[in-house]
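All values below come from the heavy atoms of this structure, side chains included, with hydrogens, waters and symmetry mates left out.
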Amino acid sequence: MRKVVIALSVLMALTSCVSKKKYADLEAKNKETQDLLNSCTVKLNTCLEEKAGLAATAQSYKEHNQDLISTSKDLTVLTTKGAENLEKSLESLKEKDLKISRLQDALTKKDSVTLALVTSLKSSVGISDPDIEINVEKGVVFISIADKLLFKSGSYDVTDKAKTVLAKVAKVVNDKPDFECMVEGHTDNVPYRSNGVLLDNWDLSVKRSTSIVRVLTNDLGVNPAKLIAAGRSSYIPLVENDTPENKARNRRTRIVVMPKIDQFYDMIEKEMKKQQQ
């Protein structure tokens, strides 16, 4: 712009002293210069606009790059946490596998222990009779004796044959000073006809239990403090009372032997040692 002003000033100063030809040449040169100036101004403005656009693009790339860096850091943190969580999960799975393995071992040992204990008791009782069942549940020993071995039908008087069986039970109880023993009477669902002394199956089941307790204490020397008499009437049957055979199964006396845990395992250990010999 400054050049243009100088050129115009020079042109005006020379107008009066130059020839028309020179004036025309100068005027043409001035027009050419003006056109060049206009062209450069347009290019300059275009360049400024492009520069502004490139600056905005650069800023956008810079911000995007910063976002990528932040995301990368977040992903690194997440990956680290994920690895830590995965490691913890694997450790937890290892612990669970170990617990499952131990439980399986315990169940296997429990089966062996149960078998050893039942064998020990059967050996002590010395009876192999389908009407006498011995099993173990949760550390408690159950000896179930069919009533036909103990009583006559509808009676609570213990038979002489029953005393032979009960003598074996008494031996088991007497050999284990810290054992307690509960005698449970069970009946079928046939209503008991009252005889003026006993009213119903409740009375009959309890009376049979106390009769056995008296034999164990009076005749077989079991400490009364170790015995419990109980009657369950007909309310815990083994099978449905729908046939004479099933009713006979439900008429039973169950002797529950409850040892202290140390003696329980001591007896098991001894029996398992016998089996290994």
Side-chain angles (χ1 to χ4, degrees), residues 117-118 121-122 124-125 127 129-260 264:
L117 183 56
V118 170
L121 285 172
K122 284 187 176 180
S124 296
V125 173
I127 295 175
D129 193 309
D131 293 317
I132 300 176
E133 295 180 0
I134 300 176
N135 56 70
V136 182
E137 296 177 13
K138 298 180 180 179
V140 179
V141 182
F142 299 95
I143 304 173
S144 184
I145 306 172
D147 269 9
K148 68 181 181 179
L149 297 181
L150 302 175
F151 308 101
K152 292 181 180 179
S153 179
S155 172
Y156 52 83
D157 293 325
V158 180
T159 65
D160 291 335
K161 182 180 178 181
K163 293 180 182 179
T164 303
V165 176
L166 294 177
K168 301 293 186 179
V169 175
K171 182 178 183 301
V172 173
V173 178
N174 287 333
D175 286 347
K176 314 297 179 186
D178 293 327
F179 279 32
E180 288 188 336
C181 183
M182 181 167 65
V183 181
E184 286 183 353
H186 295 261
T187 69
D188 58 25
N189 66 343
V190 177
Y192 180 77
R193 294 182 182 180
S194 174
N195 60 3
V197 178
L198 304 182
L199 299 180
D200 51 23
N201 283 344
W202 276 113
D203 281 353
L204 179 60
S205 64
V206 173
K207 187 62 177 175
R208 285 181 168 178
S209 176
T210 56
S211 295
I212 291 174
V213 166
R214 288 191 179 93
V215 171
L216 291 173
T217 56
N218 297 337
D219 300 342
L220 301 172
V222 176
N223 183 357
K226 297 171 61 176
L227 298 176
I228 303 167
R232 308 302 295 268
S233 186
S234 61
Y235 296 105
I236 308 180
L238 294 175
V239 291
E240 293 292 332
N241 286 290
D242 52 2
T243 65
E245 292 77 14
N246 284 350
K247 288 179 181 180
R249 284 193 63 190
N250 290 330
R251 294 191 302 271
R252 68 199 186 280
T253 295
R254 189 169 74 160
I255 299 173
V256 185
V257 182
M258 298 169 286
K260 288 186 176 180
F264 179 76

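Here OH of Tyr192 is found 10.0 Å from CG of Asp200. Values are rounded to the nearest 0.5 Å. For the atom pair OG (Ser211) and CG (Asp157), the distance works out to 6.5 Å, reported to the nearest 0.5 Å. The distance from the CZ atom of Arg251 to the CD1 atom of Ile145 is 15.5 Å, given to the nearest 0.5 Å. Interatomic distance, Cys181 SG to Leu227 CG, rounded to the nearest 0.5 Å: 5.5 Å. Of the inter-residue distances, the one linking Lys161 atom NZ with Lys148 atom NZ reads 8.0 Å to the nearest 0.5 angstrom. Considering CG of Asn218 and CG of Leu220, their distance stands at 9.0 Å, rounded to 0.5 Å.
Side-chain contact check for Asn250 and Asn241: at least one donor-acceptor pair (N or O, by modelled atom type) lies under 3.5 Å.
Side chain of Asn174 to backbone of Ala170: a donor-acceptor contact under 3.5 angstrom is found. When atom types are taken as modelled, the side chain of Ser209 and the backbone of Ser205 share no donor-acceptor pair closer than 3.5 angstrom. For Ser233 (side chain) and Tyr235 (main-chain N/O), no donor-acceptor pair under 3.5 Å exists by modelled atom type.
Dense packing is recorded around NZ of Lys247, with more than 12 heavy atoms of other residues, nucleotides or ligands lying under 6.0 Å away.
Using a 4.5 Å cut-off on side-chain heavy atoms (C-beta onward), Asp147 and Arg208 make contact. Tyr156 has its side chain within reach of Leu198: a pair of non-hydrogen atoms, C-beta onward, lies under 4.5 Å apart. At least one side-chain heavy atom of Arg254 sits under 4.5 Å from a side-chain heavy atom of His186. Using a 4.5 Å heavy-atom threshold, the side chains of Phe151 and Val158 count as touching. Here the side chains of Glu133 and Ile143 are not in contact, with every heavy-atom distance at 4.5 Å or above. Contact of the Ser234 side chain with the Asp188 side chain is not registered, since no non-hydrogen atoms from C-beta on lie closer than 4.5 Å. Two residues are said to be in side-chain contact when any heavy atoms from C-beta on lie closer than 4.5 Å; Arg252 and Leu238 meet this criterion. Taking 4.5 Å as the limit, every side-chain heavy atom of Lys207 sits out of range of all side-chain heavy atoms of Asp203.
With Thr253 as the fixed residue, the side chain to side chain contact (heavy atoms under 4.5 Å, CB included) test singles out one of Val165, Leu149, Val183: Val183.
Using a cutoff of 4.0 Å between basic side-chain nitrogens and carboxylate oxygens, Arg232 and Glu184 are scored as salt-bridged.
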(Q) Let's go through Ile212 and Leu150 carefully: what are the C-alpha distance in whole Å and the side-chain angles of both, what is the deciding distance for side chain to side chain contact (heavy atoms under 4.5 Å, CB included) to 0.1 Å, and is it a yes or a no? (A) CA-CA 9 Å; Ile212 291 174; Leu150 302 175; 3.7 Å; yes
Q: Please lay out, stage by stage, how Ile255 and Met182 fare under the test side chain to side chain contact (heavy atoms under 4.5 Å, CB included).
A: CA-CA 6 Å; Ile255 299 173; Met182 181 167 65; over 6 Å; no
